[in-house]
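Shown next, in structure tokens, is the structure this report addresses.
Worth knowing before you read on, the calculation uses all heavy atoms, side chains too, and leaves out hydrogens, waters and symmetry mates. Just so it is clear: chains get the letters A, B, ... in the order the sequence lines come, proteins before strands, and each one is counted from 1.
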Amino acid sequence: MTTSLELMERTHTCGELRGTDEGKTVLLKGWVDSWRDHGGCLFIDLRDRYGLTQAIFNYAELGQTLDAASSLRNEFVLAVEGKVVSRGENINKNIPTGEIEISVSRFEVLSPCKVLPFEVDDDTNAHEELRLKHRYLDLRRPVVQKNLILRHRLMQLARNYLSEHDFMEIETPMLTKSTPEGARDYLVPSRVHGGSFYALPQSPQLFKQLLMVSGYDRYFQIARCFRDEDLRYDRQPEFTQIDLEMSFPTEETIYGLMEGMMVLLWKELLGIELQTPFPRMTYAEALDKYGRDAPDTRFEMFLTDLTDLLKDGCGFGVFDGAIEGGGLVKAINVKGKAKEYSRKMIDQLTDYVKTFGAKGMAFAKVKDDGTWQAGFAKFLSEDLMKALSERLGAEADDLLLFGADPKASIVNESLGRLRIRVAEEIGLIQPKQYSFTWVTHFPMFEYDEEEERYVALHHPFTMPRPEELHKFEDGGDLSDMLANAYDLVLNGQEVGGGSLRIHREEIQKKVFHALKIGEDEARAKFGFLLDALGYGAPPHGGLAFGLDRLTMILAGTSSIRDVIAFPKTTRASCLMSEAPSEVDDKQLQELSIALRKET
RNA sequence: GGGGUGGUAGUUAAGUUGGUUAUAACGCUGGCCUGUCAAGCCAGAGGCCGCGGGUUCAAGUCCCGUCCACCCCGCCA
């Protein structure tokens, strides 16, 4: 009696066999990727995550069992035993195993497959909704597998790199204390302490600082983080950070180590040699030239500030009003594209900037004689137009796009986003281009008009730059106090951010004071950190990388869901498992949570 | 919380100014076929047109509401 193939170990994967294996008797197991029935013979491509191998079921070899083979369909799980034979004239150059095929002598269906909800195929055109509902099928597709393999390799490289540089991987709790500063927490009710809640971590921030106090001078963790906020193409309610912290660093130590890690990742994963050191830019410069704290440095087309040239008034109400209201007038120069941009296209750009709060968008087309064709041209004196042209480097056929608003932030945000959109439209951005920049010298605080107080731009444990500390004593305006915080920006996306932290209790207290976090409140929320800082805390700092975003960029995908095995929708539900779901009244009672009233 | 786009066989889409039996491709079922690799040829089955109201002699199509997904703004220290 022969042993069932199901009980036998496969001899090879479906991506392994080559011409040199000809003559071997092999056993492969995998999924039917496609089948082509020719009556007398049947071709099947068998797939696993390593590749595809063609198996041929031949009438002469199999006799009447060919009838059984003809019922094989896509995504059946199959074991095939047979001899590796050359394909002779019929080599398939599209797959690595294309020189050979398996001439099947015996096969078993290990598992059949129902009619599929969508075709499990790289170029499936099924909607994402359907693919997420059957994610286990979607994950079979080689393109998706490729992304997860990339993610795995990235994690391994990061782990090894950090370990080699004396970082210890230490796990911090998932059930932590809610600290409602910043993003909304996911809460977990406590059964034992009825009415009390844990929070899932938004980041391991406090714990990693405490590890520094404890003397674990280099820590890292590939840490799952949770934020209960609305989602986007690059935001999930749970996401992963490569989180690290070190004691006694200088800023340079951190930049050097992190650049080394990026160099390694790009070399190993993309075969690209990155140049170091990465350029650096202050937050102020980023805002001035790019309009954003995450500048896309793959192309120029900078924002040009025209406010000083227009400060005496020009008669154009939009510009004058913006400046009188304490705002800005800035512009970008789209070189040589005035003729390409129709009125309709410019209207679309206007609609676009309006989504960022701009009231409109003035534009001008530079004529051959250097003067402007613009609705507001009549307001500009010859000298003023000349001065503006010179500042903007304007030449014939340039398209000038203006942002003007009493709120500087609206001008920067709208023009900054417009700059990127236009660059995409006119092809300034090359594929496979990777442009890193450190953005430094972030402000400590920004004013929150709703709460009528300063809030921390980074987080409340960020160290002010040492030369700024005196501003606490001077009293008054803290809006220009700079922090020892830095972001790593890649192609206009923040991929990492961090800071040197406060390691002295009295500075931490001053920051809390500036944030109008009272002593009692500070004690209740962060007492353990304040205490720890009083027991010999080393100077420390670190940063966290967004693993999902990094993987997205490396994989060249446009959605974070493409690099997460089981992602959630933009309404934070899992279409496959149907989480979140209602729970029994009994469960709620145990958790001391009031039952939902029937209505 | 606000705005935009989409939802029609298993899947992806078409469906005109409202009008007779709602099309096509792929998939599925059956038949033919020994060199396919997007296999080919023939035949067939398959529909709560997201859901609920309304207008109308008549609704996939028009109106109102609602659900789901995606994208954007707010939000995300």
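The side chain of A/T569 lies closest to B/A69, out of B/C71, B/G30, B/A69. In the set B/G35, B/C71, B/G27, the nucleotide with an atom closest to the side chain of A/Y233 is B/C71. Of the candidates B/C70, B/G27, B/C76, the closest approach to any side-chain atom of A/A183 belongs to B/C76. For A/N58, whose side chain is taken as the heavy atoms from C-beta onward, the closest listed nucleotide among B/C70, B/G74, B/U34 is B/U34. Of the candidates B/C70, B/C75, B/A69, B/C70 carries the atom nearest the A/T570 side chain, counting heavy atoms from C-beta on. Checking B/C68, B/C37, B/U12 against the side-chain heavy atoms of A/R571 singles out B/C68 as nearest. Ranking B/A13, B/U34, B/C75 by closeness to the A/H127 side chain, first place goes to B/A13. Closest to the A/L130 side chain, of the nucleotides B/U11, B/G35, B/U29, is B/U11.
Using a 4.0 Å heavy-atom criterion, one finds that A/F43 contacts the bases of the nucleic acid, with or without backbone contacts as well. Using a 4.0 Å heavy-atom criterion, one finds that A/L42 contacts no nucleic acid atom at all. Across all strands, A/N90 comes closer than 4.0 Å to base atoms (heavy-atom distances). Residue A/E494 is out of contact with every strand shown, counting any heavy-atom pair closer than 4.0 Å. Among the atoms of the strands shown, base atoms are found under 4.0 Å from some heavy atom of A/R87. At the heavy-atom level, A/S573 lies under 4.0 Å from the strands shown only through sugar-phosphate atoms. Counting any heavy atom pair closer than 4.0 Å across all strands shown, A/R131 reaches no nucleic acid atom. At a threshold of 4.0 angstrom between heavy atoms, the contacts of A/D37 include nucleobase atoms, whether or not backbone atoms are also involved. Within 4.0 Å (heavy atoms only), A/L52 reaches no atom of the nucleic acid at all. A/S414 comes within contact range of no nucleotide atom at all, as no heavy-atom separation falls under 4.0 Å.
The environment of A/E452 atom CD is sparse: at most 12 non-hydrogen atoms of other residues, nucleotides or ligands sit within 6.0 angstrom.
Comparing the same atom, C1', in B/U20 and in B/A25 gives a spacing of 26 Å after rounding to whole Å. On the C1' atoms, B/G10 is 13 Å away from B/U29, given to the nearest whole Å.
Under the Watson-Crick or G-U wobble criterion, with both distances below 3.5 Å, B/G35 has no partner in any strand shown. Here B/U5 sits opposite B/A69 as a Watson-Crick or G-U wobble pair (both hydrogen-bonding atom distances under 3.5 Å). Pairing partner, B/C62: B/G54, with both Watson-Crick or wobble hydrogen-bond distances short of 3.5 Å.
Looking at A/N74, its side chain has no donor and acceptor atom pair within 3.5 Å of the base of B/G27. If you check distances only, the side chain of A/E101 does reach the base of B/G35 with a donor-acceptor pair under 3.5 Å. Put simply, the side chain of A/R232 and the base of B/G74 share a donor and an acceptor less than 3.5 Å apart. A donor-acceptor contact under 3.5 Å is formed by the side chain of A/Q54 with the base of B/U36. For A/R227 against B/C76, no side-chain N or O and base N or O form a donor-acceptor pair under 3.5 Å.
Side-chain atoms of A/Y283 and A/D487 include no donor-acceptor pair closer than 3.5 Å. For the 3.5 Å distance criterion, the side chains of A/T172 and A/Q221 qualify, holding a donor opposite an acceptor.
Between the side-chain ring of A/H38 and the base of B/A39, a stacking contact exists by the 5.5 Å and 30° definition.
In this structure, the NZ atom of A/K354 is 17 Å from the P atom of B/G74, given to the nearest Å. Between the CG atom of A/D45 and the C1' atom of B/G35 there is a distance of 13 Å, rounded to whole Å. Between the CG atom of A/D228 and the P atom of B/G1 there is a distance of 13 Å, given to the nearest Å. A/E89 has its CD atom 20 Å from the P atom of B/U34, to the nearest Å. The CD atom of A/E99 sits 22 Å away from the P atom of B/G35 (whole-angstrom rounding).
The pair A/E468-A/K471 meets the salt-bridge criterion, with a side-chain N (NZ, NE, NH1 or NH2) lying under 4.0 Å from an Asp/Glu carboxylate O. No salt bridge links A/D48 with A/K29; every basic N to acidic carboxylate O contact stays at or beyond 4.0 Å.
Under the side-chain hydrogen bond (donor to acceptor under 3.5 Å, both in side chains) rule, A/N412 has a single partner from A/R417, A/K407, A/R292, A/K330, which is A/K330.
Using bins of under 30°, 30° to 60° and over 60° for the plane-to-plane angle, the ring pair A/F356/A/Y352 lands in the perpendicular bin. Using cut-offs of 30° and 60° for the angle between ring planes, the A/F207 and A/F528 rings count as tilted.
Between A/N125 and A/K568, the residue whose closest nucleotide on RNA chain B is further toward the 5' end is A/N125. Between A/H459 and A/N94, it is A/N94 whose nearest contact on RNA chain B lies nearer the 5' terminus.
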